[in-house]
Amino acid sequence: MSFTANRLLLFGATGDLAQRMLLPSLCALDADELVHPDLRIICTARSEYDTHQYRNFAREALEKYLPAERRGSVAEFLNRLHYQPLDASNPSGFGALAEEVGAYDDGLAIFLSTAPSLFKPTISGLAQSGLAGEKARIGLEKPLGIDLDSSCDINDAVAEAFPEDRIFRIDHYLGKETVQNLLALRFGNVMFEPLWNAAHIDHVQITVAETVGLEGRVGFYDEAGALRDMVQNHMLQLLALVAMEPPVSFDATAVRDEKVKVLRALRAVSAGETVTGQYRAGAIGGQAVPGYDDELGKQSDTETFVAIKAHVDNWRWKGVPFYLRTGKRLYKRTTEILVQFRPVPHSIFTGTRSEPNSLLIGIQPEENITLSLMAKVPGLDRDGISLRKVPLNIAMADAFTGTHKRIAYERLLLDLIEGDQTLFVRRDEVEAQWNWVDRIRASWAENALLPKPYTAGSSGPSAAIALTERDGVSWHE
Ligand code: BG6
């Protein structure tokens, strides 16, 4: 149903996500006059703040996390915020929350990020207090379960209160500009699509490397591990965007229909096609950092690194490996996709090496696209032509000077408020993702696979290098 909400109900309003991302995103959208002029934001969490105290809290977050030039009139933005404390485990508190929200004839957008144990009580509290009516839609932030069963359980609970077309499952990677640019690159240009298949592509690499460690999320991360935290959602979404068939249009049903086909075509991975690791003490950027066990305060078998050789079993991708890797405390922060093309079928140049082309899509920290081409080295070529690889490089920041680099949540919050589901994950996608990931975990358990140690500040365990080298492939560094 299409409506632009003029009420936004923000759960977890005192949490880290709210401080770093949600409040800054909303303030930036407001500064650009992109939100409803009457937007009222009702913030809730367990803390016993009043509205005045919460506005002070929000002001501090904005000063810390939103660059001054994007803030606009902070005082006007703060006036949109209202605070209502809530213990979501106690159904009686929802009446007061509903009163604070008031009538929402123009529409209510709810953003729910909460501890897994509060999920169900919150959904039923919303339903019972009239906050799940026809003019209400809900955005759900992870973690949404730890496996297929728990995810279905959550999806069933939400489905009792909201139909699928009013459920917005967030994967913040889909809010990133360069991730959306993948679609523009593939389907806004004529030259890639004819080559985008097993006949011309040798393999694809997707890397999400982080330098950060646990960042204080001790309990959550140790339960999750890298496979659930990063691969199940962000990396599989990236893979789906790279591998999907052209959708007929850029709309929620068409795009998600194509993504889910890819996710369902993922071949079950054997234990030998995965590598897991856990970081030990080391140094990053000249700074000593502790090992995972030390940060956690106990011994653990949770993986902080995972590399996987995946396959999409369909006509387009027959025999093309998708190498995925992600890890914490690696030597640099980078998210990138490398599409490695096959060599030319026959080289007419003797005595010089022609390297296959590649397309590197840098998602963060730098947003750029580099196509590597072979070019003739200038000269008179008395001994034959000599070739060298040269980059055709587009730095997005230079190509689009004068535009803001937006926070991924700006896009997602705006789409939630306006009701566009294209960049949100549908239930069938999430379930296909869990299905694949659960089978990987089961294979680890069967084989009693334990994470291999790697030094913080390295590129992960050496077994991850062996995973690709066996196929004659090197990770792009
Ligand atoms: C989150 C994970 O979903 O994504 C974190 O829970 C991770 O562990 C983060 O650090 C990475 O996001 P980004 O946008 O910094 O790449």
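Numbering of ligands and ligand atoms starts at 1, following listing order.
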Exactly one candidate in Y323, F322, W317, W475 meets ring pair (Phe, Tyr, Trp, His ring centres under 6.0 Å) with H203; the answer is Y323
Short version for Y221: what comes under 4.0 Å of ligand 1, heavy atoms counted, is neither
Contact with ligand 1 for T335, non-hydrogen, under 4.0 angstrom: no
Report task. With the side chain counted from C-beta on, respond yes when D32 and R406 share a heavy-atom pair under 4.5 Å apart, and no when they do not. Result -> yes
dist R55:CZ -> L78:CG (nearest 0.5 Å) comes out at 7.0 Å
Of all protein heavy atoms, the one nearest atom 14 (O) of ligand 1 is K176 NZ, 2.6 Å
Counting heavy atoms under 4.0 Å, the part of E141 that contacts ligand 1 is neither
**Request:** Determine whether more than 12 heavy atoms belonging to other residues, nucleotides or ligands lie under 6.0 Å from atom CD of Q287.
**Result:** no
*Is there a donor-acceptor pair closer than 3.5 Å between any side-chain N or O of S47 and the backbone N or O of Y49?*
no
Atoms of ligand 1 under 4.0 Å from any heavy atom of H234, numbered from 1 in the order shown, are 1 (C), 3 (O), 4 (O)
for atom 15 (O) of ligand 1, nearest protein heavy atom and its distance come out as R333 NH2, 3.4 Å
Within the structure provided, determine whether L423 and F168 are in side-chain contact (heavy-atom separation under 4.5 Å). no
Is a salt bridge present between K309 and E469, judged by a nitrogen-to-oxygen distance below 4.0 Å? no
Atoms of ligand 1 under 4.0 Å from any heavy atom of K142, numbered from 1 in the order shown, are 1 (C), 2 (C), 3 (O), 6 (O)
If you scan protein heavy atoms around atom 12 (O) of ligand 1, the nearest is H172 NE2, 3.1 Å
Ligand 1 to K328, heavy atom cutoff 4.0 Å, flagged ligand atoms 5 (C), 7 (C), 8 (O), 10 (O)
If you scan protein heavy atoms around atom 8 (O) of ligand 1, the nearest is D229 OD2, 2.6 Å
Ranked by distance from atom 9 (C) of ligand 1, the top protein heavy atom is E210 OE2, 4.0 Å
Between R217 and E223, is there a side-chain N and carboxylate O pair less than 4.0 Å apart? no
One finds that the ligand 1 atoms under 4.0 Å from a non-hydrogen atom of R217 are 2 (C), 5 (C), 6 (O), 8 (O)
